[in-house]
Amino acid sequence: MHLSETDQKVFDVAVKIVCDENNTEYLTISDLANSEILVVDYNNEDAREILRLSKSHNVKIVFADKNIEGKNIVTVKKPVRVLALKNVLEAVSKQLYTYISNTESSSRIAQPGVAADVRQSTTETHTDIPVDAHNLFEKLLQAKTQQACLHISAANLPDVYIDGKNKSFLIETNSDDIDKYIRLNFNEIKFEPVDCSKVSRTQNTMHISALNNILWRCALDCSNGELLTGHTLDKPVKLKSWPNFSRQGFKPEYFKLSAILARQYMSMTELNKQTQVAMESIINFYNAAFAVDILETKTGSVKHNKPVVLETRKKKTILGKIAQRLRIDQIL
Amino acid sequence: MMQLNTDKIIFTGPVGAGKTTAIAAISDIPPVSTDVSTTGDEKRIKDTTTVAMDYSYIELDDGTKVHLYGTPGQSRFDFMWSILTKGGLGLVLLINNDHPDPVGQMEFYLDAFKDFIEETGVVIGITRTNINDTATLEDYQQKLFERNQIFPVFEVDSRTEDDVKILIQALLAILEN
């Protein structure tokens with residue numbers, strides 16, 4: 001694993017907590033390239049080589065300063081914290097347990113090829129392993145994905161409820177007050193799971209907004225250029241519909257990204273190359289679009305449409321002049 | 001035949017969708033409109049409507065004028081639509097959400113301007129969403145998805161300059177990209 005002394009201690013504690021909480025006697029993790037779970041420190045050259053040699057279907061937990069792309073790689077941002085690592089280990093071990101159980105039962109049925117199929121489908125889902133939320137956006141997205149209900153509170157701020165089942169956001173005052181939560185440090189916000197029937201009962205006294213509107217705002221303001229865990233920069237994506245910019249936050253470059261992604265599949269890496277829009281903005285936009293369910297992905301290579309060529313240079317120039325005249329800040 | 005400049009943006013949509021108001025929100029001069037009394041069902045929506053067209057312009061810094069044309073709202077004047085769109089930069093489609101079948105209205109105009117949209121681009125503004133929320137933005141997007149079309153659809157107040165600018169901004173992004 002080639003972990004630093006501190007990371008090794010953090011790792012040992014996280015493993016112990018997972019074993020104790022789940023009443024598990026063992027959790028076997030090694031530094032061999034053929035291990036089911038591989039834990040490596042990306043800052044270590046030898047560890048990077050092990051990662052390179054590892055089998056693609058194995059789960060790789062990578063301690064790194066930035067998001068590492070690759071199949072079945074779960075990045076744990078440095079400095080590694082016990083709780084974050086514990087959650088990752090728990091999710092991974094559950095997935096693995098499901099896989100082993102399925103493989104064993106499949107082999108008892110003795111249908112050739114079934115075990116391999118199960119393995120394939122299991123490893124495909126590893127990229128979506130839920131990890132502990134790092135910010136308000138990820139917490140809200142978790143609630144939506146898991147259809148959970150949450151009570152959110154903080155000192156001197158109005159109470160907020162999230163109804164993950166009905167995809168709604170409830171606040172005592174005005175939905176714009178979510179900005180006050182966004183400005184807080186994440187650890188100053190208290191999250192408490194609540195019964196969804198309790199949330200329903202509060203509806204008459206609260207202002208209700210679509211959860212997607214809030215997710216969009218939070219994604220843009222909280223992502224800070226960090227891609228959602230399990231997502232990669234190289235997967236081609238396309239918009240299913242345009243975001244509703246008239247009622248949601250936007251930056252001028254989001255029009256450009258939307259116009260391109262409404263027309264064709266493109267990965268974030270390609271978008272960055274083609275548009276010169278900062279990768280941080282592209283990732284924030286991607287996170288927001290993913291969170292409000294307007295992205296579709298495609299596996300494999302894609303053929304890019306040729307950009308629409310405007311008839312004349314004059315026409316192209318006129319568009320820029322219109323934008324300038326109307327004081328529309330945009331990157332054309 | 002009337003000479004219509006090619007540096008122009010076309011505003012279209014049914015009676016009462018806010019085409020004249022949207023043009024007024026961003027243009028340099030008050031729109032010149034040719035309004036007459038409405039008849040039939042349209043009388044219920046609006047007392048007067050644009051017969052031939054609305055016209056105004058934006059003067060660019062170099063003196064060039066970008067012409068803004070609003071098509072007649074009543075479909076019995078639809079012969080004007082192809083004349084107005086010829087050589088235009090793009091289309092702004094405004095739909096009044098207060099209409100009994102606003103999504104159907106959107107489909108009607110997308111079909112009517114199909115060729116022009118394919119040549120250029122379209123952005124859709126939904127007005128009066130505060131008055132009637134029978135159709136949501138998702139309903140419009142769902143219909144577009146079924147038609148295999150991905151166009152920008154925004155809730156707008158055509159009286160608000162910023163809202164109309166968002167439509168223009170999206171249209172320019174489509175035309176350029």
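These numbers were taken from a predicted model, which means no experiment stands behind them. To find a chain, count down the sequence lines: A is the first, B the second, and so on, and within it residues start at 1.
- In this structure, B:I166 and A:F255 have side chains that are in contact, with non-hydrogen atoms separated by less than 4.5 Å.
- Only the side chain of B:D62 comes within less than 4.5 Å of a heavy atom of chain A; its backbone N, CA, C and O stay farther away.
- Contacts with chain A (heavy atom to heavy atom, under 4.5 Å) involve these residues of residues 144-152 of chain B, listed by number: B:F145, B:I150, B:F151, B:P152.
- Between atom CD1 of residue B:I174 and atom NZ of residue A:K256 there is a gap of 13.0 Å, rounded to the nearest 0.5 Å.
- At a threshold of 4.0 Å, the pair B:D61-A:R325 does not count as salt-bridged, since none of the basic side-chain nitrogens sits closer than that to a carboxylate oxygen.
- Between atom CD1 of residue A:I328 and atom CD1 of residue B:I26 there is a gap of 7.5 Å, rounded to the nearest 0.5 Å.
- Using a 4.5 Å cut-off between heavy atoms, B:V153 touches chain A through its backbone atoms (N, CA, C, O) alone.
- A:S258 pairs by the side chain to side chain contact (heavy atoms under 4.5 Å, CB included) definition with A:L239, A:W242, A:P243, A:F245, A:F285, not counting sequence neighbours.
- Tested against A:N244, the residues B:E155, B:E138, B:Q141 include a single side chain to side chain donor-acceptor pair (under 3.5 Å) partner, B:E155.
- Distance CG/B:L89 to CG/A:L319: 6.0 Å, rounded to 0.5 Å.
- Taking each heavy atom of B:A173 and A:A259 in turn, the nearest pair found is O-CB, 3.5 Å.
- Residue B:Q142: no heavy atom, backbone or side chain, is found under 4.5 Å from chain A.
- Counting non-hydrogen atoms of other residues, nucleotides and ligands closer than 6.0 Å to NZ of A:K240 gives a total above 12.
- Distance CD1/A:I318 to OG1/B:T64: 5.0 Å, rounded to 0.5 Å.
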